[in-house]
Amino acid sequence: MSTNALPTQSTDFPGWYGEVVRRADLAENSAVRGAMVIKPYGYAIWEAIQRALDHRIKATGHENFYFPLFVPASLLAQEGELVEGFAPEVAVVTEAGGKRLEEPLAVRPTSEALIWSTYARWVQSYRDLPLLYNQWANVVRWELRPRLFLRTSEFLWQEGHTAHETEAEAVAETLTILHDVYADTLENVLAIPVLRGRKSESERFPGAVETYTLEALMRDGKALQAATSHYLGQGFARTFDVHFTGRDGVEQHPYATSWGASTRLVGALVMAHGDDRGLRLPPLVAPQQVMIVPIYHETDQADVLHAAAAIRDELGAAGVRVRLDDRADYRPGFKFNEWELKGAPVRIELGSRDLAAGTVTVARRDTGEKHQIPLPRVGTEIGELLSDIQTSLFRVALHDQERRTLSNPDGYQEMIEYLREAGGFVAASWCGSGECEARVKDECSATIRCLPLVEQPERSNTCICCGREAAQSAVWAQAY
RNA sequence: CGGGACGUGGCGCAGCCUGGUAGCGCACUCGCUUUGGGAGCGAGGGGUCGCCAGUUCGAAUCUGGCCGUCCCGACCA
């Protein structure tokens, strides 16, 4: 643990991010380029995210299963769009058991091919549908520019793969996942407000008919795709020969969806809430919600530690994730800084002054405020404080996102300048042409993050780029 | 793959230009004193200077090649 101050967000956001990830003990680089070691503290955050997602995935009727890491390369190659989209980043095993393999094995970049080739055996009748399955897995994509959590060559995620009898049911599934699983987790657990929308054609998942996305704004004004849910139509069913006899006795192909969210969400958490002192974790995902720091002298050490342990036990019994930092080798000031860096939502300071007054000192990480509360009220007030911090982090982030969204800019030039300096989101009307999309990207490297599901109330009816008639609004931003 | 920078104890760096027995801060170990916002003093341990070759009496330092990392672009959860 270094004692130096962090780089500041305003002067060096990438440097700040890297230092926070490293010094808060979230993750570090490994011997393999682009592959990261997730350390216990970072993994605990991921586990909290996993729990939240898994709970919602199951609550919406899905079951977990597991498919293997390797996919015969020929199988992966069967789906034209998929292979085209992923070919550059697929890792392939050509040798195993000391011999060259007759058939190379791809390390999955995503599992549609393997799963759908298997679904062919699982589906015979409409009575076998729907298939509502999910897996927690690792996937490998050989990224050119890796970045801890945001883009690593191996990452952890969940990928859902469902098969449905009708198109309407599959589309409804895609949206259920988007809203009830992903957006609910992002906003109510991670406290990160999201824009919900469709992807433009150029940003769509390879092989998808429609890709739905959640876009979150980071504190440097850049957007992060937080989760995606794809309606895949019947393409994969056709490619992998999945068919069933329908209610009408006619042979037909099921409709597919797939959807995923990854360890990237840990990075989202860092960049959406972190400040110049480090991480600010929403209580619902914080490995430690309350840290108790005892402050004592030789003479009162036993009393202070005894009282601190009692508070720990009381809060623990009430279901709070609480820890007493009784390390003797570190002084209180060091612990304050360390737990602020690691984002613990609440700190309780307890010293002889507090004992004498019958209080504890409580500091909240999000605002930095400190105040005293009477010992008997600790149980109830800490619970309220944690839920207050949870909603407050969301409200602050939402306000920030609204403040940084430029809606209906006066002209194209204003939009480009705003995007160029990563001011945030720009919402404007778009004609739908790839040329306009490419032109913006060319001029300021910003992309269409989504075509929002909720239309802008005062939308202009001409395209911000070309002035032609515009059928929809789009949201642009620089993106990770 | 293009453009830039850099490889020296665990981490961050100086030394290189002008070759001569490898140094600083943090971290680590031991001791004492400390503890309400990153403790102080003292004593220690740890590095074939990215790799290979060359020049030289002698290379962290000069030369050539290779490897790797980071930052900026194109690709991307």
Side-chain angles (χ1 to χ4, degrees), chain A residues 1-7 12-15 18-19 22-23 28-34 84-90 109-110 137-159 182 199 202-206 211 213-216 223-230 258-268 277-278 293-301 304-305 325-341 347-357 360-361 363 368 370 372 438 441-442 445 447 478-480:
Chain A
M1 182 66 51
S2 165
T3 57
N4 300 332
L6 290 167
D12 182 13
F13 198 86
E19 282 291 288
R22 197 174 64 77
R23 280 155 64 165
E28 61 188 38
N29 284 311
S30 73
V32 176
R33 176 190 151 72
E84 204 174 303
F86 282 106
E89 14 182 305
V90 172
T110 180
N138 56 342
V139 288
V140 169
R141 298 179 188 178
W142 219 253
E143 299 292 351
L144 299 172
R145 268 190 68 196
R147 196 147 183 236
L148 291 169
F149 287 113
L150 302 178
R151 213 182 301 103
T152 47
S153 45
E154 177 190 0
F155 57 91
L156 308 182
W157 73 345
Q158 58 68 219
E159 47 178 326
Y182 293 149
K199 282 293 188 188
S202 67
E203 299 272 327
R204 216 175 268 156
F205 178 78
T211 287
T213 180
L214 298 181
E215 298 289 326
L224 184 76
Q225 181 174 304
T228 48
S229 182
H230 315 289
S258 72
W259 25 276
S262 74
T263 34
R264 166 178 269 197
L265 289 176
V266 178
R277 305 186 73 86
V293 178
I295 301 154
Y296 50 74
H297 301 261
E298 228 172 308
T299 49
D300 56 20
Q301 176 171 357
V304 169
L305 285 178
D325 188 351
D326 56 3
R327 291 175 296 174
D329 303 333
Y330 297 97
R331 303 167 98 210
F334 180 89
K335 295 176 184 176
F336 295 169
N337 281 286
E338 173 163 278
W339 290 109
E340 281 166 5
L341 173 64
R347 178 178 72 243
I348 295 180
E349 304 171 12
L350 182 67
S352 51
R353 292 210 303 251
D354 297 287
L355 279 188
V360 296
T361 302
K370 269 195 195 190
Q372 264 71 35
K441 187 171 181 180
D442 201 49
S445 81
T447 48
Q478 301 273 2
Y480 276 100

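To find a chain, count down the sequence lines: A is the first, B the second, and so on, and within it residues start at 1. Excluded from the calculations below are hydrogen atoms, water molecules and symmetry mates; all remaining heavy atoms, backbone and side chain alike, are included.
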* To do: Classify the angle between the aromatic ring planes of A/W259 and A/Y182 as parallel (below 30°), tilted (30 to 60°) or perpendicular (above 60°).
  =>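 Judged by the thresholds at 30° and 60°, the geometry between A/W259 and A/Y182 is perpendicular.
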* A/P332 side chain: which of B/rU35, B/rC28, B/rG37 is closest? ->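 That would be B/rU35.
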* To do: Check every atom of B/rA39, B/rG37, B/rA77 against the side chain of A/K370 and return the nucleotide holding the closest atom.
  => B/rG37
* Contacts of type side-chain contact (heavy atoms from CB on, under 4.5 Å), residue A/R204, not counting sequence neighbours -> A/E201, A/A208, A/E210, A/T211
* How does each nucleotide of nucleotides 6-13 of chain B score, in 5' to 3' order, for protein heavy atoms under 4.0 Å: base (B), sugar-phosphate only (S), or none (-)? -> -----S--
[M] and [N], which share atom name [atom1], separated by this distance in whole Å:
{"N": "B/rU63", "M": "B/rC17", "atom1": "P", "answer": "9 Å"}
{"N": "B/rG65", "M": "B/rG58", "atom1": "C1'", "answer": "23 Å"}
{"N": "B/rC62", "M": "B/rC24", "atom1": "C1'", "answer": "26 Å"}

* Comparing A/Y480 and A/I295 on RNA chain B - which has the more 5′ nearest nucleotide ->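 Its nearest nucleotide lies further toward 5', so the answer is A/I295.
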* How long is the line joining CD of A/E203 and P of B/rC76, in whole Å? ->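 Checked: the CD to P distance equals 7 Å.
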* Asked: Over how many whole Å does the gap from A/E215 atom CD to B/rA77 atom P extend?
  ->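 Result: 10 Å.
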* Asked: Salt bridge between A/E143 and A/R151, side-chain N to carboxylate O under 4.0 Å?
  -> no
* Asked: Got a second to check how far A/E349's CD is from A/K370's NZ, nearest 0.5 Å?
  ->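 Taking CD in A/E349 and NZ in A/K370, the distance rounds to 3.5 Å.
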* **Working for side-chain contact (heavy atoms from CB on, under 4.5 Å), residues A/T110 and A/R141** => CA-CA 9 Å; A/T110 180; A/R141 298 179 188 178; 3.7 Å; yes
* To do: Respond yes when some side-chain nitrogen or oxygen of A/R331 is under 4.0 Å from OP1 or OP2 of B/rA39, and no when none is.
  => yes
* Should A/K199 be listed as having a side-chain N or O under 4.0 Å from OP1 or OP2 of B/rC76? ->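 For A/K199, the contact criterion (side-chain N or O under 4.0 Å from OP1 or OP2 of B/rC76) is not met.
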